[in-house]
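Let me begin by presenting the structure, written as structure tokens, before commenting on it.
Computation of the quantities below employed the complete heavy-atom set of this structure, encompassing side-chain atoms and omitting hydrogens, waters and symmetry-equivalent molecules. Predicted model, so just to flag it, every value in this text is computed and none were measured. Counting starts at 1 for both ligands and their atoms, following the listed order. Counting begins at 1 with the first residue of the sequence.
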Amino acid sequence: MVTRNEILGILGDYRDLAVVTVCSHSSLQLFHGARQEGFRTIGIAVGNKPPKFYDAFPRAKPDEFFLVDSYDEILDRADELVAKNAVAVPHGSFVEYMGAKNFLKLRLPTFGNRRVLSWESDREKQREWLEGAGVDMPKRFRRPSDIDRPVFVKYYGAKGGKGAFIAKTEKEFRAAIKPGQKYTIQEYVVGTRYYVHYFYSPLLEDGYRLSRGSLEMLGIDRRDEANIDEMYKLGAQESLREYGLYPTFVVTGNVPVVLRESLLPTAFEMGERVVEASLDLFGGMVGPFCLETIVTDRLRFKVFEISTRIVAGTNLFISGSPYSDLREAGMSTGRRIAREIRLAQKEDRLGEILS
Ligand code: ATP
């Protein structure tokens with residue numbers, strides 16, 4: 001893993017910062033937000049010519065493209081990005097495409113604390129962190145033979161729901177599981193899904209205060225998931241299997257939602273506990289994170305996953321959200337990240353938010 005001193009050394013020579021990210025996921029929002037805060041922007045794209053779709057969105061088109069043959073190449077060409085005084089802003093696809101191991105080796109100042117990755121990408125460690133923080137999670141089944149109710153099975157890593165499936169018995173589990181991949185089995189929670197977008201600033205000392213810094217809520221979404229969301233219209237899953245139709249959870253888009261206002265205090269307490277636990281465990285997460293939750297009919301939150309960087313659901317709120325507007329109108333998560341970098345730069349505290 002790249003060391004803190006190496007990153008501090010690189011930052012020592014930085015002057016006019018640029019924001020760089022991979023051209024996918026939430027890049028439009030990130031480039032737009034960075035530009036609003038006065039940063040130059042660089043988009044990493046695979047191929048021999050820039051992706052055309054940015055031409056349709058001039059306010060979110062990066063100032064410059066950095067073309068690579070494959071995502072692996074980013075690691076070897078990091079020096080070129082350093083020469084451009086670039087700060088990387090990771091998103092789910094950036095980390096997934098490069099691979100978490102390579103991402104940890106990237107010799108480029110990166111927004112957030114990269115130590116969070118080992119706690120997030122291993123589902124056992126993620127549970128240790130979240131449950132240790134006092135957050136309620138779906139029950140875990142250690143062995144397939146323990147399955148005694150509907151369960152949800154998913155593989156390690158952020159796959160946008162790909163490959164995940166529901167099983168009601170051990171037999172169904174055995175029929176669907178792909179060999180050779182790490183997985184986790186959770187109780188299938190019946191309720192409404194809310195993906196809550198938080199932002200933790202170690203720098204700000206106003207608003208919703210934590211032991212250090214403060215916590216913001218920038219929005220909430222729910223995901224559209226390929227065919228599972230609509231399949232019920234055709235009847236029971238068992239009979240659909242006879243026709244070769246299997247439900248999938250692959251994300252295809254996002255819809256905005258708001259929570260019952262009486263649930264907001266709990267949502268904040270959950271975010272607060274997760275940040276405080278992260279400060280104790282690995283020096284704290286920085287910036288955006290998302291608690292992926294299901295609210296049951298008893299109005300209890302079950303957190304089935306944490307994403308510790310910008311999530312694509314924030315793309316809904318490029319012009320602000322019903323929550324972020326109550327702090328500052330028009331504040332997207334992408335812009336909020338850029339604002340944090342700007343603030344740290346002004347206060348000479350970049351080392352606290354980059355790693
Ligand atoms: P991401 O890219 O967000 O990390 P992922 O591949 O890691 O996705 P999850 O987000 O954990 O997968 O789950 C995918 C979807 O499966 C969720 O959006 C939700 O609809 C559903 N889901 C996950 N866990 C549960 C659960 N315990 N009970 C019911 N549904 C669940």
Going by the atom numbers of ligand 1, which of them fall below 4.0 Å from some non-hydrogen atom of Tyr195?
17 (C), 18 (O), 19 (C), 20 (O)
Tell me whether Arg140 reaches ligand 1 (any heavy atom closer than 4.0 angstrom to a ligand atom).
no
Glu187 bridged to Arg140 by N-O distance under 4.0 Å
no
Within ligand 1, which atoms have a heavy atom of Lys154 less than 4.0 Å away?
11 (O), 23 (C), 24 (N)
Less than 4.0 Å between a side-chain N and a carboxylate O, is that true for Glu292 and Arg223?
yes
Flag Arg223 as yes when one of its N or O atoms lies below 3.5 Å from any N or O atom of ligand 1, and as no otherwise.
yes
Answer with side chain, backbone, both or neither: which part of Met137 has a heavy atom less than 4.0 angstrom from an atom of ligand 1?
neither
Is Ile294 close to ligand 1, meaning an N/O of one under 3.5 Å from an N/O of the other?
no
Check which hydrophobic residues are tied to Tyr195 through side-chain heavy-atom contacts below 4.5 Å, counting indirect links as well, and list them.
Val189, Ile294, Phe304
Side-chain heavy atoms of Phe103 within contact of Val2, under 4.5 Å:
no
Would you indicate whether Lys178, at its atom NZ, is surrounded by more than 12 heavy atoms from other residues, nucleotides or ligands within a distance under 6.0 Å?
yes
Taking only heavy atoms of Glu187 into account, list the atoms of ligand 1 that are under 4.0 Å away from them.
26 (C), 27 (N), 28 (N)
For Pro138, the atoms of ligand 1 under 4.0 Å from one of its heavy atoms are 27 (N)
In ligand 1, which numbered atoms sit nearer than 4.0 Å to a non-hydrogen atom of Phe249?
16 (O), 20 (O), 21 (C)
For atom 1 (P) of ligand 1, which of Lys162, Glu292, Glu305 has the closest heavy atom?
Glu305
For residues 65-75, which side-chain donor-acceptor pairs fall under 3.5 Å, sequence neighbours excluded?
unit_1: Ser70; atom_1: OG; unit_2: Asp72; atom_2: N; d: 3.4
unit_1: Glu73; atom_1: OE1; unit_2: Asp69; atom_2: N; d: 2.9
unit_1: Glu73; atom_1: OE2; unit_2: Arg77; atom_2: NH1; d: 2.7

Glu216 and its salt bridge (Lys or Arg N to Asp or Glu O under 4.0 Å) partner, picked from Arg339, Arg327, Arg209
Arg327
Using a strict cut-off of less than 4.0 Å between a Lys/Arg side-chain nitrogen and an Asp/Glu carboxylate oxygen, indicate whether Glu64 and Lys84 qualify as a salt bridge.
yes
One residue to check: Phe304. Relative to ligand 1, which of side chain, backbone, both or neither has a non-hydrogen atom less than 4.0 Å away?
side chain
